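Everything on this sheet refers to the single structure shown next.
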Amino acid sequence: KPLGLPGAHVVVTGGSSGIGKCIAIECYKQGAFITLVARNEDKLLQAKKEIEKHSINDKQVVLCISVDVSQDYNQVENVIKQAQEKLGPVDMLVNCAGTSVSGKFEDLEVSTFERLMSINYLGSVYPSRAVITTMKERRVGRIVFVSSQAGQLGLFGFTAYSASKFAIRGLAEALQMEVKPYNVYITVAYPPDTDTPGFAEENRTKPLETRLISETTSVCKPEQVAKQIVKDAIQGNFNSSLGSDGYMLSALTCGMAPVTSITEGLQQVVTMGLFRTIALFYLGSFDSIVRRCMMQREKSEIANKTA
Ligand SMILES: NC(=O)C1=CN([C@@H]2O[C@H](COP(=O)(O)OP(=O)(O)OC[C@H]3O[C@@H](n4cnc5c(N)ncnc54)[C@H](OP(=O)(O)O)[C@@H]3O)[C@@H](O)[C@H]2O)C=CC1
Ligand SMILES: CCCCCCCCCCCCCCCC(=O)[C@@H](N)CO
């Protein structure tokens, strides 16, 4: 029942950088044909060269397509058609194009909420909508959505980002119920902080509170995250997470998510109370970080006024 990657056509949005590029490399190493989708053509060509170094046979192809996945559905549909003409029907779609902006609710521009929803949410809807009919007809397919740990819990600074990542979960649960009888499987990945160009960019404007809270978990390597995501997607696991806090978060927030194995279901049932207890301690420590930062700010404001 696992999807065989040798000869398969894998489309990766956001495949020119970070986690997406590593997912493309991981699939290519296992014999897949790759279509990379992103906006910047230079970055696409650069990534193509890097991926091609990992070929395992001389038939393998890396195709690059430049498009903004968040703007116009027809444009995205055309691009998927082009890719299917060249490399055949899409066996696996990885929705990894995304971006993050952090800041206090009142400091974020209203347009940032719209932009993150467009890229992170609609940018996953459009490519998925463009491949789903063929996948159902062929009774073959995998769709991966890259959410985030910040799509499992709301944290200081992530009012805009978390909402766009939570939205993906709702889409994925509903879609999985629709397509399961057609042998199409959905995976939602919840990566922790990962060392990528996007993460470096995000860190330039991150509020102190967000940074201190995020430091609860360590920063992962994109290769490691990609390996786990590809493995879970091949197996058709609905949930893909990494590390002990990733495991706890996924068990704790399982809600009405589909269950992939009896073991997974049993583990959720047995660990729920314990993980909620642990979570209460984490929440307490996050609240105290936020309170400490607030008091620090007020102190320095008073000091500034009297000086
Ligand atoms: N790094 C982290 O700490 C974490 C990241 N994530 C999520 O993982 C995903 C990848 O993150 P990361 O690897 O850090 O990101 P990067 O910023 O390194 O890469 C983002 C990729 O998406 C592409 N992209 C961005 N916007 C669009 C768009 N509108 N249309 C098409 N392509 C687009 C970029 O290319 P171009 O700009 O040329 O279009 C690039 O290829 C994101 O969804 C992110 O939210 C989740 C948890 C943690
Ligand atoms: C039982 C309960 C366990 C609770 C553990 C809680 C750990 C919280 C840490 C959350 C870190 C947020 C990562 C966001 C990454 C991201 O999406 C951005 N970096 C994007 O660039």
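Indexing begins at 1, ligand by ligand and atom by atom, following the structure's order. What you see is a predicted model; the values in this text were computed from it and never measured.
Aromatic rings of F105 and F113 (six-membered ring for Trp) have centroids within the 6.0 Å cut-off, being under it.
Contact residues of ligand 1 (protein heavy atom closer than 4.0 angstrom to a ligand atom; sorted by chain and number): G14, S16, S17, G18, I19, A38, R39, N40, K43, V67, D68, V69, S70, C96, A97, G98, I119, V146, S147, S148, Y161, K165, P191, P192, D193, T194, T196, P197, G198, F199.
Hydrophobic cluster membership differs between I119 and L44, with clusters built from Ile, Leu, Val, Met, Phe, Trp and Tyr side chains linked at under 4.5 angstrom. Linking Ile, Leu, Val, Met, Phe, Trp and Tyr residues whenever their side-chain heavy atoms come within less than 4.5 Å places V12 and V140 in a single cluster.
The only option from R142, R138, H9 that meets the side chain to side chain donor-acceptor pair (under 3.5 Å) definition with D91 turns out to be R138.
Of all the atoms in ligand 2, the ones that sit under 4.0 Å from a non-hydrogen atom of Q149 are 9 (C), 10 (C), 11 (C). Within ligand 2, counting atoms from 1 as listed, the ones closer than 4.0 Å to a heavy atom of S148 are 14 (C), 15 (C), 16 (C), 17 (O).
Donor-acceptor pairing under 3.5 Å is recorded for the side chains of E26 and Q30.
By the neighbour-count criterion of 12 heavy atoms within 6.0 Å, atom OH of Y182 is sparsely surrounded, having that number or fewer from other residues, nucleotides or ligands.
In this comparison of T217, D193, T277, T253, the heavy atom closest to atom 15 (C) of ligand 2 sits on D193.
The shortest N or O to N or O distance between Y282 and ligand 2 is not below 3.5 Å.
Not counting sequence neighbours, F33 has no partner by the ring pair (Phe, Tyr, Trp, His ring centres under 6.0 Å) test.
A salt bridge is defined here as a Lys NZ or Arg NE, NH1 or NH2 lying under 4.0 Å from an Asp or Glu carboxylate O, and E201 with R204 meets this definition.
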